[in-house]
Chemist: 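Before anything else, here's the structure in question.
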Amino acid sequence: DPALATLPDEFFIIRALSEGLVTPSPDGGPEIAAAAESWDVSADGLTYTFHLRPTATWSNGEPLTASDFLASYRRVLSPKTAAPKANLFFLVKGAEAFYRGELTDFAQVGFAMIDPQTLRITLAHPAPQFLAYVASGPWIPINPRTVAQHGGRWATPQNYVGNGPFTLIDWKPNQHITVRRRADYWDADSVLVEAIRFQAFDNGDAEERAYRAGQVDITMSVPFTKIAGYAAQPETPLRQIPLHETRFLAFNTQRPPLSDVRVRRALTLAIDRQALTQYVLRGKQTAATHFVPAGLGGFNSTQTLTESADEARRLLAEAGFPQGKGFPPLEMTGWSQSAVLEAVQAMWKKELGITVNIGVRDAKVHVSDLTNGRYDIGFITAIPDVADAIDLLKDLSTGATNNYSQWSHPEYDKLLDQSDHLTSATERLALLAQAEAIISEHCPISPLYFNAKNILQRKTVHGWQEDALWTRFYKDVSIEVP
C-alpha cells in the first residue's frame with residue numbers, strides 16, 4: 001500500500017506493481033514521464049497540469065483516469081488513513097490543512113480533474129523541486145474501486161489491481177512475493193522479464209548463502225565480512241552503489257556537557273572519517289564532512305568540517321576538560337555497526353583522553369530513545385524520501401520529530417522557511433547551503449559517512465539499475481537463460 005509503506009524494500013515491490021504520474025530517472029537526472037505522458041507548468045510556478053497517457057490502464061482493464069489520482073491523494077491525506085509520509089504532499093495548496101483536519105472540504109485542496117485525462121495541481125507556493133515529490137512512492141495511485149470493494153484485503157494477490165508493469169500473483173508472508181509481466185501495460189515492450197520473485201531472508205548471511213546456491217540472482221546486501229572476498233574475485237559479482245544516505249552521531253544538546261558547542265565540535269573534529277571508511281567499513285562508503293550528500297537534488301555544500309585533533313583538544317580544554325580530565329561518563333548507542341562505534345570510541349580515547357561507553361539496542365527501542373531524548377550520543381541514519389536537500393535539513397529544525405538533538409537555531413529555521421518561497425532553484429539551493437553551514441558550525445550532529453549499497457548480481461542479469469535513493473528500475477532488465 002503506497003499510502004502506508006515506509007521502507008525502501010516495500011517500495012521495491014510497489015514500484016513493480018504501480019507507477020505515479022512521473023518516476024525518478026535511473027541516471028539521477030530529471031524526473032521522467034510515467035502514467036502522465038506530459039505536463040505543463042504555469043508561468044508563476046504555482047500550477048502543474050498533467051496529461052495522462054490514453055493507453056494507460058489498470059491491470060483489470062479499466063482506464064486510468066485523473067479521478068483515480070484524486071481519490072488516491074485524498075486517501076493519503078485523510079487523517080483516518082494515518083499515512084506516515086503524508087507530508088510529501090504538503091507543497092500542494094490546502095493539503096496540510098486537510099491532513100490536520102483544519103480543512104474538511106477536499107475540493108478546497110489544490111487537486112482538480114479537468115477531464116478524465118487531465119489533472120491539475122495547484123501549489124501553496126512556487127516550488128521548483130515539486131516534481132521530485134510527485135516521483136516519490138506515496139504519490140503512486142491505488143485503484144479506488146478495488147479498495148472500496150475489498151477494504152483491508154485489497155492488496156492480496158486475488159484482489160490487487162495496479163497500473164504498473166507487473167501484477168501480483170503470489171504472496172507468502174515472510175517467504176516470498178511473485179509478480180508477473182503485464183502484456184497490456186502501456187510500455188510492455190520495455191519489460192523483458194516474465195516474472196520477478198522477491199525472496200525474504202532472516203538476515204544477510206542467509207541471503208548470501210542463497211546466492212551462492214544459485215537461488216537468488218540479485219541480493220539486497222552483502223554481509224560486511226564477505227565484501228572483501230567478493231571484491232577480490234577476477235569477475236566479481238559485487239556491485240557498489242553510492243547512496244544519498246548519511247550515517248551520523250546525534251548529540252543530545254539538552255544534556256551537559258553536550259549542551260556546550262565547544263564539546264560537540266571537539267568530539268566532531270577528533271574523528272578520522274577516512275579511517276572509518278577505509279579500514280572499518282571497506283564497502284565504498286565515503287567520509288562525510290558535511291550533512292547533506294553532494295548532488296541530492298542539485299545540492300552542494302559550501303562549508304565542510306576540517307578534522308583536527310589539535311583543535312579538538314583545544315576546544316575541549318577551553319570547555320573545562322584539559323586532556324579529558326573531569327569529563328563525565330557518556331554513552332554512545334546504536335542498533336548495529338558496533339565496529340564503527342568502537343572505532344569512534346577509540347579515537348576519542350586516543351585524541352581527547354575521554355572514555356565513552358557503547359550500548360547496542362533493538363532498532364525500535366533505539367529510535368524511541370532518540371525521539372524521547374533518552375540518550376547521550378546516538379548513531380543513526382538519514383535517508384531522504386525525495387531528491388531534495390530540505391528533506392534532510394528540516395529534520396534539524398526547531399521541534400521537528402526527527403530532531404533527535406533537540407537543537408534549535410532561529411537563523412537556521414529562518415533560512416529553511418525563506419527557501420520554501422523562492423522560485424529560483426539556484427537561489428533556493430544557496431539558502432539551503434547557508435543553513436547546512438550552520439550545522440557544521442554548531443555541530444548538533446556529527447556526520448560520519450555517506451553510505452553505499454553493496455549487492456551481488458549474477459552475470460546473467462543485464463540492465464539492472466538502482467539509484468542513490470534506493471529506487472530499483474525494472475524496465476530494460478533481461479536475464480540469460482542457461
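Numbering starts at 1 and runs along the sequence shown.
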Chemist: Quick one: does Arg282's side chain get under 4.5 Å of Ile227's, heavy atoms only?
Modeler: no
Chemist: Could you tell me whether the side chain of Phe90 reaches within less than 4.5 Å of the side chain of Leu77, counting heavy atoms only?
Modeler: yes
Chemist: For the pair Phe89 and Phe111, name the ring-plane relationship: parallel under 30°, tilted 30 to 60°, perpendicular over 60°.
Modeler: perpendicular
Chemist: For the residue pair Arg247 and Tyr449, would you count it as a cation-pi contact if the rule is NZ or CZ under 6.0 angstrom from the ring centre and within 45 degrees of the ring axis?
Modeler: no
Chemist: Using salt bridge (Lys or Arg N to Asp or Glu O under 4.0 Å) as the criterion, list what pairs up with Glu427, not counting sequence neighbours.
Modeler: none
Chemist: Going through the checks in order, is the side chain to side chain contact (heavy atoms under 4.5 Å, CB included) test met by His409 and His442?
Modeler: CA-CA 9 Å; His409 193 286; His442 289 265; 3.5 Å; yes
Chemist: Can you tell me how far apart CE (Met347) and CG (Asp272) are? Round to the nearest 0.5 Å.
Modeler: 5.0 Å
Chemist: Is the ring pair Phe130/Trp139 parallel, tilted or perpendicular, if the boundaries are 30 and 60 degrees?
Modeler: perpendicular
Chemist: For a salt bridge (Lys or Arg N to Asp or Glu O under 4.0 Å) check, start with the C-alpha distance between Asp260 and Arg262, then their side-chain angles and the critical distance, and finish with the verdict.
Modeler: CA-CA 5 Å; Asp260 189 328; Arg262 294 170 299 184; 2.8 Å; yes
Chemist: Hydrogens and angles aside, do Ser440 and Gln303 bring a side-chain donor and acceptor to less than 3.5 Å of each other?
Modeler: no
Chemist: Any side-chain heavy atom of Leu296 sitting closer than 4.5 Å to one from Asp388?
Modeler: no
Chemist: Taking all atoms of both residues into account, what is the closest heavy-atom pair of Pro84 and Leu4, and its distance?
Modeler: CG-O, 3.7 Å
Chemist: Do Asp44 and Ser42 pass the side-chain hydrogen bond (donor to acceptor under 3.5 Å, both in side chains) test, and can you show the C-alpha distance, the side-chain angles, and the key distance before you say yes or no?
Modeler: CA-CA 5 Å; Asp44 60 8; Ser42 62; 2.6 Å; yes
Chemist: Under 6.0 Å between the ring centres of Phe291 and Phe248?
Modeler: yes
Chemist: Check whether any side-chain heavy atom of Leu269 sits under 4.5 Å from a side-chain heavy atom of Glu311, and report yes or no.
Modeler: yes
Chemist: I want to know whether Phe450 and His290 have ring centres closer than 6.0 Å.
Modeler: yes
Chemist: If we only count heavy atoms from C-beta on, is the Ile380 to His366 side-chain gap below 4.5 Å?
Modeler: yes
Chemist: Indicate yes or no: does Arg361 engage Glu331 in a salt bridge with an N to O separation below 4.0 Å.
Modeler: yes
Chemist: Check whether any side-chain heavy atom of Thr398 sits under 4.5 Å from a side-chain heavy atom of Tyr412, and report yes or no.
Modeler: no
Chemist: State plainly whether the residues Asp417 and Lys394 are in salt-bridge range, i.e. N to O under 4.0 Å.
Modeler: no
Chemist: Without swapping roles, check the side chain of Arg75 against the backbone of Ala83 for a donor-acceptor pair under 3.5 Å.
Modeler: no
Chemist: So, does Ser78 use its side chain to make a donor-acceptor pair with the main chain of Arg74 at under 3.5 Å?
Modeler: yes
